[in-house]
Amino acid sequence: MAGPGGGPSRRSHTKSRKGCKTCKKRHIRCDETFPQCRNCTKHQVRCDYMDNPAAIITESPKSQGPNLLWTPEIDSTVELWRQTGQFPFPDLRVYPQPQWQAFSKTDLRLIHHLASISNEMFRNRTSKLAIWTELMPKFLSVAATHPFVMHSVLAFAASHLAWIAQSNETRNLAFHHGGIALKGLHEGIATFSKANSDAVLASSLLLSWQATDWRGWASLVTGTRTVIQAMQPWQHESIFEEYIVRHSPMTHKNLLDPIGSPISQEARREHLAIITDIHHHLQRLQHHLSRYDQEGKWVDQLRGYIERLRSSNPPQTAEEQFSQLYALRKWLFWVPISLLASKRNDITVMVVLGHFYATALAIEPMFPDIGAVFCADLALQPLHEIVQIVSPYQDPSYDTHTQTVSYLIKFPADMAISYQTRKEWLRQQALDAEQQSPYGLDTLNLDLEHHLAHYTYGQSLSPAFAPSPLNFMPPTGLVSGQQSPYLEVPRSAVDTAFTSSYGSPLVSPATAPPGPLPSPYAVHQESSAFSFNSPMGYPSGFVGTPTIWT
């Protein structure tokens with residue numbers, strides 16, 4: 001039947017009445033695919049279907065295994081990739097390329113996940129606004145000839161997918177690849193040379209970024225700085241030259257020292273002043289986020305985190321500092337990916353991310369043992385990029401709202417300048433002490449060898465995931481339905497089923513296990529709802545009845 005004007009008839013369609021909130025806000029049709037609709041998967045944002053119990057039911061370990069957020073489009077792309085060996089993202093310039101046809105479809109999906117994020121951010125010129133996206137093509141290039149680096153990449157990808165999908169099976173997949181990567185890193189350190197130095201550095205970085213315990217992280221970072229120091233003679237030949245130059249020399253502070261320094265009353269007053277200043281600027285920012293639901297919830301989350309710092313006892317040791325900084329560091333890795341994917345060129349989103357990075361810089365003096373290397377150094381470069389992008393919008397040629405929001409970048413910009421000044425002073429100190437470092441690759445490898453000798457790698461777990469010191473998961477791993485002690489999962493809608501002393505719309509529904517884990521496996525929980533004052537920084541539970549993820 002002809003349509004109006006004699007043209008073709010208008011195709012009828014069924015209106016989506018149960019679509020996710022993200023699609024409704026974007027005024028596009030939701031395909032209502034559980035546990036995450038295709039539009040949200042495409043844009044790398046969390047779908048609120050995840051908060052629906054029906055979404056969890058669809059993930060049956062017996063029928064589906066790891067939840068890798070497959071869509072028909074991703075499936076067809078990966079299948080073609082597997083058959084032809086043609087990398088779907090040539091603009092990333094991965095060279096040399098691995099023999100893709102030798103990889104399983106599951107592994108290709110994991111690689112596709114990280115590569116698609118990096119590719120999209122390179123195309124949108126936002127890759128430098130996140131911590132890891134700029135380096136991912138280089139990691140893949142090195143992984144072409146060093147399998148343990150590829151396993152480090154696969155573990156990183158599985159960790160992010162598990163963080164999005166709340167999947168125990170995907171988490172166990174990350175543990176599997178992390179354990180293999182650790183063994184390869186151990187062997188790479190034992191045979192360290194110019195030829196494999198890029199691989200050792202790449203794996204050390206990737207595994208340290210996934211660390212959930214203090215000793216595992218400190219061991220990997222100690223190794224990383226030793227590798228960077230050893231690579232100085234040939235740094236200009238390294239694929240990571242820019243990274244090495246930016247992080248040389250690294251501090252020689254003993255990150256594994258369990259003895260901390262007491263906090264003086266004067267220092268505590270200075271720390272409280274820092275917290276008050278951050279909170280003030282977050283409140284100012286919040287006033288401009290009425291039309292930004294997801295961004296507003298993240299700023300609320302950050303404000304809640306700052307309030308916890310105010311009310312908690314100051315951390316006395318490096319381990320306590322690790323516990324208090326852990327949630328913020330996790331956000332620095334994943335929040336930019338989510339927000340930039342949904343609104344890549346939005347000036348307000350840039351300012352929100354600037355405040356996240358600026359918070360990491362501002363609170364660094366409160367964490368003198370690990371604050372710089374654990375958070376602040378990672379945040380500095382992305383923040384510089386954001387300040388350069390946002391500052392020109394203060395020009396009067398832009399509308400009033402854009403100008404007003406752009407002026408909010410002053411606080412992040414000031415924090416960048418202040419931290420850069422402190423960093424230069426510390427850099428000079430490190431240069432003076434460069435010849436006095438007691439650490440070396442032999443020391444690190446002896447430590448790893450001591451712990452790894454007691455475990456088989458089929459059941460092992462990277463120190464990037466393991467409890468202190470470099471312990472591993474029980475042979476059975478996690479089973480479906482068991483609460484996750486590993487991944488902090490953001491939520492896109494306010495969970496009204498429970499309240500907590502550190503309540504948030506973006507905390508994991510699995511943050512309150514029914515009972516303590518056995519002592520050898522009581523690892524750092526991935527939840528923002530933890531008490532800084534509880535032993536070892538572990539979660540203290542909720543006030544009220546939590547929603548249990550089953």
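- Judged by distance alone, with hydrogens and angles left aside, the side-chain atoms of Q321 form a donor-acceptor pair with the main-chain N or O of D369 at under 3.5 Å.
- With contacts defined as side-chain heavy-atom distances shorter than 4.5 Å, the pair E134/F122 qualifies.
- Atom CZ of R284 is surrounded by 12 or fewer heavy atoms from other residues, nucleotides or ligands within 6.0 Å.
- T402 contributes no side-chain N or O that, together with a main-chain N or O of Y398, makes up a donor-acceptor pair within less than 3.5 Å.
- Across all non-hydrogen atoms, the minimal contact from L383 to P412 is CD2-O, 3.5 Å.
- Taken to the nearest 0.5 Å, the CH2 atom of W334 stands 5.0 Å off from the NE2 atom of H160.
- How far CD of E120 is from CG of L340: 11.0 Å, rounded to the nearest 0.5 Å.
- Checked for salt-bridge contact, D377 and K423 meet the test: a charged N lies under 4.0 Å from a carboxylate O.
- Side-chain N/O atoms of E424 and Q420 include a donor and acceptor closer than 3.5 Å.
- Nearest heavy-atom pair across P368 and P365 is CD-O, 3.8 Å.
- Although no hydrogens or angles enter the test, the distance criterion places no donor-acceptor pair under 3.5 Å between the side chain of D277 and the main chain of A273.
- Within the model, atoms CG of L361 and CD1 of I278 stand 9.5 Å from one another, a figure rounded to the nearest 0.5 Å.
- With no hydrogens or angles considered, no side-chain donor-acceptor pair links N124 and T126 at under 3.5 Å.
- Side chain of H279 to main chain of I275: no donor-acceptor pair is present (N/O by atom type, distance under 3.5 Å, no hydrogens or angles).
- Counting heavy atoms from C-beta outward, Q294 and S338 have side chains that approach closer than 4.5 Å.
- Although no hydrogens or angles enter the test, the distance criterion places no donor-acceptor pair under 3.5 Å between the side chain of E385 and the main chain of Q381.
- Atoms CD1 and CD, from I274 and E270 in turn, are 7.0 Å apart once rounded to the nearest 0.5 Å.
- Under the 4.5 Å side-chain criterion, counting only non-hydrogen atoms from C-beta, V153 is in contact with M136.
- For the residue pair H355/H281, the side-chain donor-acceptor check at 3.5 Å is not satisfied.
- In this structure a side-chain-to-backbone donor-acceptor pair under 3.5 Å is present from W214 to L255.
- To the nearest 0.5 Å, atoms CG (D399) and NE2 (H401) are separated by 7.0 Å.
- Side-chain contact between L161 and R109: present, with at least one pair of heavy atoms (C-beta onward) separated by less than 4.5 Å.
- In this structure the side chain of S152 never reaches within 4.5 angstrom of the side chain of H177, judged on heavy atoms.
- E266 has no carboxylate O lying under 4.0 Å from a charged side-chain N of R269, or vice versa, which leaves the two without a salt bridge.
- Rounded to the nearest 0.5 angstrom, L339 CG and D346 CG are separated by 10.0 Å.
- With no hydrogens or angles considered, no side-chain donor-acceptor pair links S118 and T133 at under 3.5 Å.
- Side-chain N or O atoms of T170 include none that pairs as donor or acceptor with a backbone N or O of Q166 at under 3.5 Å.
- Annotation: H112 is in aromatic contact with F89 [ring centroid separation under 6.0 Å].
- The minimum heavy-atom distance linking A155 with G178 is given by the pair CB-N, 3.7 Å.
- The aromatic rings of W298 and F356 sit perpendicular to each other, their planes meeting at more than 60°, with 30° as the lower class boundary.
- At a cut-off of 3.5 Å, with distance as the only test, no side-chain donor of N119 or S116 sits close to an acceptor on the other residue.
- Within 6.0 Å of CZ on R246 lie more than 12 heavy atoms contributed by other residues, nucleotides or ligands.
- Checked by atom type and distance alone, the side chain of S264 pairs as donor or acceptor with a backbone atom of A267 at under 3.5 Å.
- Taking the six-membered ring for Trp and thresholds of 30 and 60 degrees, Y305 and W331 have ring planes more than 60 degrees apart, a perpendicular arrangement.
- Between Y419 and Y357, the ring center distance fails the sub-6.0 Å criterion.
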Quiz item: Can L173 and L110 be said to form a side-chain contact (heavy atoms from CB on, under 4.5 Å), step by step?
Solution: CA-CA 10 Å; L173 186 61; L110 293 174; 3.8 Å; yes

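- Side chains of W132 and W209 form a contact here, defined as non-hydrogen atoms less than 4.5 Å apart.
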Quiz item: Taking it one step at a time, do F367 and F374 satisfy ring-ring contact (aromatic ring centres under 6.0 Å, His included)?
Solution: CA-CA 10 Å; F367 304 91; F374 191 56; 9.1 Å; no

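- Formation of a donor-acceptor pair under 3.5 Å by the E307 side chain with backbone atoms of R303 is not found in this model.
- Inter-residue side-chain proximity for I117 and M121 is flagged as met; some heavy-atom pair is nearer than 4.5 Å.
- Using the six-membered ring where Trp is involved, F333 and F156 have ring planes that are perpendicular, over 60° apart on the 30 and 60° scheme.
- If you check the side chains of Q394 and S406, you find no donor sitting under 3.5 Å from an acceptor.
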Quiz item: After noting the C-alpha distance and the side-chain angles of Y393 and Q403, does the key distance pass the side-chain contact (heavy atoms from CB on, under 4.5 Å) rule?
Solution: CA-CA 6 Å; Y393 285 91; Q403 290 184 61; over 6 Å; no

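- A salt bridge does not link R215 to E319: none of the charged side-chain nitrogens sits closer than 4.0 Å to a carboxylate oxygen.
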